[in-house]
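Side chains are part of it too, since the values below use all heavy atoms of this structure and drop only hydrogens, waters and symmetry mates. Ligands are counted one by one from 1 in listed order, and the atoms in each one are counted from 1 as well.
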Amino acid sequence: MHLRYSYRIYPTASQQQALARTFGCARVVYNDALALRKAAWKADRSRIPTGALAKAVITDAKKTEARSWLRSVSVDALQSSIRDLDTAYRNFFDSVSGKRSGHRVGLPVFKSRKDNRQSLRFSRNGFRLRSNGKLNLARIGDVRVKWSRALPADPSSVTIVLDPSGRYFASFVVDIEPQHLATLDTEVGIDLGLTTYAVMSDGTVIDNPRFLRKAEKRLRAAQRALSRKAKGSKNRAKARRKVARAHAKVADTRMDWLHKQTTRLIRENQAIYLEDLNVRGLARTRLAKSVHDAGWSTFRRLLTEKAARYGRHVGIIGRYEPTSQVCSACGVPDGPKPLGIRTWTCGACGTCHDRDLNAARNILAAGRADRPNACGGPVGPGVAIPRRARPVETGTHRNASRTGRKPRAAGAAGIPVH
Ligand SMILES: [Zn+2]
């Protein structure tokens, strides 16, 4: 399975200049290739093969006056850019045809110099790991890396990212064997809530991470300061940088907390069952703040990825299961309950229920029923390859940045692991 390992890197001033040049060239090649593909599609619905595309926008373009500067950067980064465009198209087609699950992926869009996040990728031929711990990038040089944890295997590619707060990251893709943990017989149902983060069918409660509110308060203060600065001024640029840093802080803190929670759950349980909450629907209501805080979809994604890696099972039960209305003791439906009602007594058997705990128990029961091989049979991992851990070029869907959720702002925390 493919996993990403991200590290902060510290390029020198001249390396930053070289990187800026490469970001620019990779972007131009990407945009040129996209324009050619769009034009070919419009003309006769044809698709230009990748080889021909690379020849047109790299090899041949270099010989022209207008694109001669492409010669000053690594060819590998430029070729990766075209492969990323291919991936973006493939993701779009897979999403349209239903082969790819999750949110709809749009058509690839042109990249801009003004994009919040700049990135470029090197294949195996474009980088080397030095014995002195530095990362050698083609035509850039040896860059200092902060190795916050060891790479478990030889990486197959590296993506260099410049985030909006001005930090550089190297994100390696490594192919590793799943390491299945010893099988347990504990299974748990989880009810994701609003008053608490989650309640588990064994009665354990995960509290909401309130520390996020504090980080967000600082973020709001920085945003207010930004709005007071004159447009185009130096101070405004400085304030914008500050807001970006505060954003990154919130995202990193949240990611860190989610990693801890999900790792613990995966270690302690053989199977975990969740409700398929319509997170997007909820996020539009006034509950939006809490839902964002809670980061439910990230919680679920991390669980699924870690389950695949460690041989656990994550089961998602249907959204319309009336988990809060049915008595988990006798199974009799007790009718809908407004959100305000936290405890209720079953009219049929007289059991007194905590709303969330009852829901968690029902989720566990529904999950078990959905999984006939639960006892004895081979346990299938949640998914074969975590979708988000695949080496996919982002920046192909504008919406990602608009939701303000910054799925990759936490690039630092990286995708899964530990
Ligand atoms: Zn009952």
Using distance alone, with no hydrogens and no angle criterion, decide if T196 and D207 have a side-chain donor and acceptor under 3.5 Å apart.
-> no
Is the cationic atom of R368 (NZ for Lys, CZ for Arg) positioned less than 6.0 Å from the six-membered ring centroid of Y273 and within 45 degrees of its normal?
-> no
Can a salt bridge be assigned to the pair [X] and [Y] using a cut-off of 4.0 Å between side-chain N and carboxylate O?
X	Y	value
D142	R130	yes
R100	D94	no
R355	D191	no

Non-neighbouring partners of D32 that pass salt bridge (charged side-chain N to carboxylate O under 4.0 Å, His left out), sequence neighbours left out = R67
The Zn ion (ligand 1): protein N, O or S atoms that are less than 2.8 Å away, sorted by chain = C327 SG, C330 SG, C346 SG, C349 SG
